[in-house]
Each structure stands twice: as C-alpha cells, then as structure tokens.
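Here is the structure we will look at, set down as structure tokens.
Atoms considered below: every heavy atom in the structure, side chains included; atoms not considered: hydrogens, waters and symmetry mates.
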Amino acid sequence: VSLKVEVNTKMAAATSTITTAMGGATKVMTHANAQMDPQTMRAVATEFEKQSMMMDDKNEMFEDAFQDSDEDQEADDVVNQLLDEIGIETAAKIGSVSSHAVPASKAQAKEDIVVDDDMLQRLAAL
C-alpha cells in the first residue's frame, strides 16, 4: 500500500511540474505571437531568400573561377606529358647522358669527392 501511495505522490508531483512548464511555455508563445507581424515576417523571409540567392550566385562564380584554374592545370599537364614523351624519345636517341657536370680538372674532381664524402658523413650523423 505504501508503494502505491509513493508512486501516486511522485506522479502528482511530475504532473504538477509538467503543468507549470506548459503554462510558462504558453505565456511565451502568446507573447511571441503578439509580437509577430505576418507581413514583416514575410518581408524578412523574402529578403533572406534574395540574399541567399545572391550568395549562391557568388559562390558559383568562385567555383567557376577555380574550375578554370583546374582546366589550366589540366592543359599544363597535357603539355608536360607531351614534352616528357618527346624528351624520352630524344633521350633514347642520344643515349645515356650523365646529369653531373664534367669537372674542369682532376683537382676539381677530387674536391668534389671530398665534399660528397663530407656531406655523406653529415647525413649519417643525423
């Protein structure tokens, strides 16, 4: 019996809390409805839509500008690919060519080797 009384008491307290909250919400909604002017709201909504469309148009212009730069990049890639193909054919005809410069003298060659060894030691130390 006491459990039933406790449950009924909690239920009544919860109902009271909900009723109070609903009353507060009703007052706020009544106040908001009194403040709202349908014509003003329509004008605000229309202006919002207009500004949103302008923003979309500007966004589209920026996207188009970036798309053009992508097309430029694609064109550069095609040109580079053609040059690479021509370069490969030319290199095949010429044969293998060293990419290192020919030293001016034997002393210069030894100096280059020393510098290379020094660089390798520094890299190994890292």
Worksheet entry | Gln35 side, atom CD; Met41 side, atom CE - distance, nearest 0.5 Å | 12.0 Å
Could you tabulate the donor-acceptor pairs under 3.5 Å formed by side-chain atoms of residues 1-15, not counting sequence neighbours?
residue, atom, partner, partner atom, Å
Asn8, ND2, Lys4, O, 3.4
Thr9, OG1, Val5, O, 2.8
Thr15, OG1, Met11, O, 2.8

Item to complete: Going by the side-chain contact (heavy atoms from CB on, under 4.5 Å) test, name the single residue among Met55, Met54, Glu49 that passes it with Gln51.
Response: Met54
Worksheet item: Can you tell me how far the CD atom of Glu60 sits from the CD atom of Glu63, to the nearest 0.5 Å?
Response: 7.0 Å
Worksheet item: Once you round to the nearest 0.5 Å, how far does CG of Asp64 lie from CG of Asn59?
Response: 10.5 Å
